[in-house]
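Following: one structure in structure tokens, then a few remarks.
Excluded from the calculations below are hydrogen atoms, water molecules and symmetry mates; all remaining heavy atoms, backbone and side chain alike, are included. Ligands are counted one by one from 1 in listed order, and the atoms in each one are counted from 1 as well.
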Amino acid sequence: MADYDVIIVGAGFAGLYALYKLRKEGYSALLYEAGSGVGGVWYWNRYPGARVDVENLEYSYTFSKELEQDWQWSEQYSSQPELEAYANHVADRFDLKRDIRFGTRVTAMRFDEETDRWSVVTNQGDHVTGQYCVMATGCLSVPKEIDLPGIDNFKGKIYRTSLWPKGGVDFTGKRVGEIGTGSSGIQSIPVIAEQAAHLTVFQRTAAFSMPSQNGPTDPAKVKAWFDNRDKYHQQQRQSAFGLVMSDIAPRSAHDVSDEERRRLYEERWERGGLGIIGTFYDLLTDQKANDTAAEFVREKIRGLIEKPELAKKLLPYGHPIFTKRPCVDSGYFGTFNRDNVTLVDLREEPLETVTETGIRAGGTDYDFDILVLAIGFDAMTGALCNIDIRGRSGVSLKERWSDGPGTYLGLAVAGFPNMFLITGPGSPSVLGNMMAAIEENADWIADCIRYMDERQLTAIDATCEAQYAWVAEVNRAAAATLYPLAKSWYMGDNVAGKKRAFMPYIGGWKKYLDRCDEVAANGYEGFALAPGRATPEMAGQTCSKSTVA
Ligand code: FAD
Ligand code: NAP
């Protein structure tokens, strides 16, 4: 059995950076990755049209100035192949692959209270130990279970956007059905429609989507970005979502005239992307303010669809804008003006069953050769609960989280010492720029390990008290917003049986980072630190629940 300082799980952007950072700090680290390559999300989601919806100037690593200057994105919002190439470039440039075991899934982890080490088992028969485990398993890395009646009847091919085959799929001359109109559906539908003989889109909830206004990278913009790089990085830290370009303006939607409000929305719509969310500070908290943005986007959708009857079906109602993850598209709505595209609104024609040849909805049979599923993920907790993780006294993480994912700062879970999460539930993570979130979390973790090492401490465990207080803060922040009004994956609504709770932290990026800094500066306040073996106080520590009502 091999022993390491740190075992890292996942070779997406989080795991790659954690490996780089911890190795640079002089620790021995081994990384396990289920896929056969690096990139995580950008390795698995190779569906046509997959690309970022945060501009690459902000969705890039910042830890190496040389890397930043050497790598040039070809578009403002780059596509999956370029993101995967970037991940490989980083892994090769910093010689990371030698410490990665590809095609190897971590299946079980157990904390040994005698040695303060994790014992880690994989599906390839590996058995290793690590003083620490860094879980870089991803917020959106586990496709949710297929919940379509009769799915096994279908005789054609089924593809999931989140597990797209490496060789691609040829849709030429094919009749295609696609279920799902979240970000993955909205990105893939226009591209598939261009190739397929016919595309039938099954929509359960119409989505709010903003145009990316994507185009080739503008060298002047890049130069301006790098000329002010340090200032922008500082601004990211001070911002609401870790994003300079989508930051929130300090004005209320109620404080301006109708014309001025419209002009401001128009300006952000023209700029493209998710920036519209920051037009006013009260769009996420005040229903009436939110209505103004929702109506602006609906008006835009009406203008993009030729047939008013069709436009009606594509108009999102029933949830405040932005409370389901907003989408960014390249020609999504215009796709429905094509002769070879049919929209089936499942609100009017409920899905009855998948048949041998297609889907029966509202009494009508829709036939096709290929079915594409863009139906989403078991977000934020899925990957961690898939591993049989056992903390103190053999307590299972999956069971501990059955009433909601309790964490301390999204970085640690009480009762699971020496295990760190990157962008875990209870951190801002998916609400903003994930690259920035990843670097912040991984740096914090590396600093913490260094702190432990310098003091010859061997176990660090969040206290129940600190975790309860943090969960209460996560819940308080969510309750102050409109987010709980939507049925969304943020709330766990998309996975049957999952406890309803707003999983990320919406209290503000700056507030979150300041709190993490403060905790570290105060000698890891809210954590119990043990020299040598776990102290009796730590061993006796059992939190009765994850969440606080
Ligand atoms: P991932 O990239 O998900 O990597 C996790 C890795 O862990 C995976 O490779 C997985 O195979 C591996 N893994 C999981 N469990 C195990 C196990 N038990 N054993 C071994 N390996 C395991 N965020 C943005 O900020 N902007 C965007 O534009 C954006 N676009 C996105 C587009 C798509 C299609 C998706 C799905 C997500 C997008 N996101 C975006 C969010 C995305 O999750 C992050 O940007 C980021 O890529 C996450 O990186 P990660 O390393 O944390 O996780
Ligand atoms: P998603 O947002 O969860 O969307 C899933 C879609 O499938 C929804 O329209 C959902 O309808 C529908 N659906 C699910 N189950 C269904 C069923 N049984 N019958 C009918 N319809 C069903 O998943 P996603 O599109 O893969 O995106 C997930 C997240 O990944 C995004 O929110 C985003 O954070 C990230 N992402 C980002 C990008 C990007 O632009 N860079 C691209 C892809 C993904 P309901 O809404 O009614 O549930």
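Considering M135, M380, M434 in turn, M434 is the only one that fulfils the side chain to side chain contact (heavy atoms under 4.5 Å, CB included) rule with T423.
Residue Y77 places every heavy atom at 4.0 Å or more from ligand 1. Residue contacts with ligand 1 leave out Y43, since none of its heavy atoms falls under 4.0 Å from the ligand. The shortest heavy-atom distance from S162 to ligand 1 is not under 4.0 Å. Using 4.0 Å as the threshold, I422 has no heavy atom nearer than that to any atom of ligand 1. Distances shorter than 4.0 angstrom occur between a heavy atom of T104 and an atom of ligand 1.
In this structure, W225 and H233 have perpendicular ring planes: the angle between them is above 60°, well past the 30° mark. Taking the six-membered ring for Trp and thresholds of 30 and 60 degrees, H89 and W71 have ring planes inclined between 30 and 60 degrees apart. Aromatic ring orientation, F154 versus F368: tilted (interplanar angle from 30° to 60°). The aromatic rings of Y159 and W164 sit tilted relative to each other, their planes meeting at an angle between 30° and 60°. Between Y366 and F202, the ring planes lie perpendicular to each other; the angle is over 60°, past the 30° to 60° tilted range. Taking the six-membered ring where the residue is Trp, Y86 and W73 present tilted rings, their angle falling between 30° and 60°. Classification of the Y512-Y505 ring pair by plane angle, with boundaries at 30° and 60°, yields tilted.
For ligand 1, the atoms sitting less than 4.0 Å from at least one non-hydrogen atom of F377 are 36 (C), numbered in the order shown with element in parentheses. Contact atoms of ligand 1 toward E33: 6 (C), 7 (O), 8 (C), 9 (O), 10 (C), 11 (O), 12 (C), 20 (C), 21 (N) (distance under 4.0 Å to a heavy atom of the residue). Within ligand 1, counting atoms from 1 as listed, the ones closer than 4.0 Å to a heavy atom of G432 are 25 (O). Taking every non-hydrogen atom of I387 and a distance limit under 4.0 Å, the qualifying atoms of ligand 1 come out as 18 (N). Shown in contact with W42 at under 4.0 Å from a heavy atom are these atoms of ligand 1, numbered in order with element: 30 (N), 31 (C), 32 (C), 47 (O). Each of the atoms 5 (C), 6 (C), 7 (O) of ligand 1 lies under 4.0 Å from some heavy atom of A136. Each of the following atoms of ligand 1 lies closer than 4.0 Å to a heavy atom of Y32: 20 (C), 21 (N). Remark: ligand 1 atoms within the under-4.0 Å shell around heavy atoms of G40 are 1 (P), 2 (O), 4 (O), 8 (C), 9 (O).
By the criterion of a heavy-atom distance under 4.0 Å, neither the backbone nor the side chain of T122 is placed next to ligand 1. With a 4.0 Å heavy-atom cut-off, ligand 1 is reached by the backbone of V54 and by its side chain too. In F102, neither the side chain nor the backbone holds a heavy atom less than 4.0 Å from any atom of ligand 1.
Between the side chain of W444 and the main chain of C516, a donor-acceptor pair closer than 3.5 Å is present. Counting only distance, with no hydrogens or angles, the side chain of T407 and the backbone of V413 share no donor-acceptor pair below 3.5 Å. N45 contributes a side-chain N or O that, together with a main-chain N or O of V41, makes up a donor-acceptor pair within less than 3.5 Å. Put simply, the side chain of S429 gets close to the backbone of S427: a donor and an acceptor are under 3.5 Å apart.
Under 4.0 Å is where a charged nitrogen must lie from a carboxylate oxygen, and between D345 and K312 no such pair does. Note on E55 versus K221: salt bridge recorded, some NZ/NE/NH1/NH2 to OD/OE distance being below 4.0 Å.
In terms of polar-atom proximity, defined here as any N/O pair under 3.5 Å, R51 makes no such contact with ligand 1. Between V52 and ligand 1, no N or O atom pair is found at a separation short of 3.5 Å. Not a single N or O atom of Y47, backbone or side chain, sits closer than 3.5 Å to an N or O atom of ligand 1. By the 3.5 Å distance cut-off applied to N or O atoms, A383 is not counted among the residues near ligand 1. On a distance-only criterion, V9 and ligand 1 share no N/O pair closer than 3.5 Å. When only interatomic distances are considered, the shortest N/O to N/O separation between A14 and ligand 1 falls below 3.5 Å.
Scanning all protein heavy atoms for the shortest distance to atom 37 (C) of ligand 1 gives V41 CG1, 3.7 Å. In terms of protein heavy-atom proximity, atom 46 (C) of ligand 1 is nearest to Y59 OH, 3.5 Å. Regarding atom 20 (C) of ligand 1, its nearest protein heavy-atom neighbour is A34 N, 3.3 Å. Atom 27 (C) of ligand 1 has as its closest protein heavy atom D53 OD1, 3.3 Å. Atom 15 (N) of ligand 1 has its closest protein heavy atom at T137 CG2, 3.6 Å. The protein heavy atom nearest to atom 53 (O) of ligand 1 is G138 CA, 3.2 Å. Atom 23 (N) of ligand 1 has M434 CG, 3.5 Å as its closest protein atom, hydrogens excluded (heavy atom only).
A donor-acceptor contact under 3.5 angstrom links the side chains of E178 and S188, judged on distance only.
When I438, N441, V106, L243 are ranked by how near their heavy atoms come to atom 18 (N) of ligand 1, first place goes to V106. Considering C139, G10, S188 only, the shortest heavy-atom separation from atom 7 (O) of ligand 1 involves G10.
For K398, the NZ atom sits in a loose shell: 12 or fewer heavy atoms of surrounding residues, nucleotides or ligands are nearer than 6.0 Å. Within a 6.0 Å sphere centred on NZ of K300, other residues, nucleotides and ligands contribute more than 12 heavy atoms. Around the CZ atom of R360, the shell of radius 6.0 Å holds no more than 12 heavy atoms that belong to other residues, nucleotides or ligands. Annotation: E145, atom CD; neighbour count of heavy atoms from other residues, nucleotides and ligands within 6.0 Å does not exceed 12.
Within the 4.0 Å cut-off (strictly below), no protein heavy atom is located near atom 39 (N) of ligand 1.
Side-chain contact between F333 and P211: absent, with no pair of heavy atoms (C-beta onward) separated by less than 4.5 Å.
Both the sub-6.0 Å distance and the 45° axial angle are satisfied by R298 relative to the ring of Y317. Taking the ring centre of Y43 as origin, the terminal cationic atom of R46 falls inside the region bounded by 6.0 Å and 45° from the ring axis.
When heavy-atom distances to ligand 2 are checked against 4.0 Å, the residues falling inside are Y47, R51, V52, D53, L140, K144, D147, L148, I179, G180, T181, G182, S183, S184, Q187, R204, T205, K324, R325, L346, A374, I375, G376, F377, W489, ordered by chain and number.
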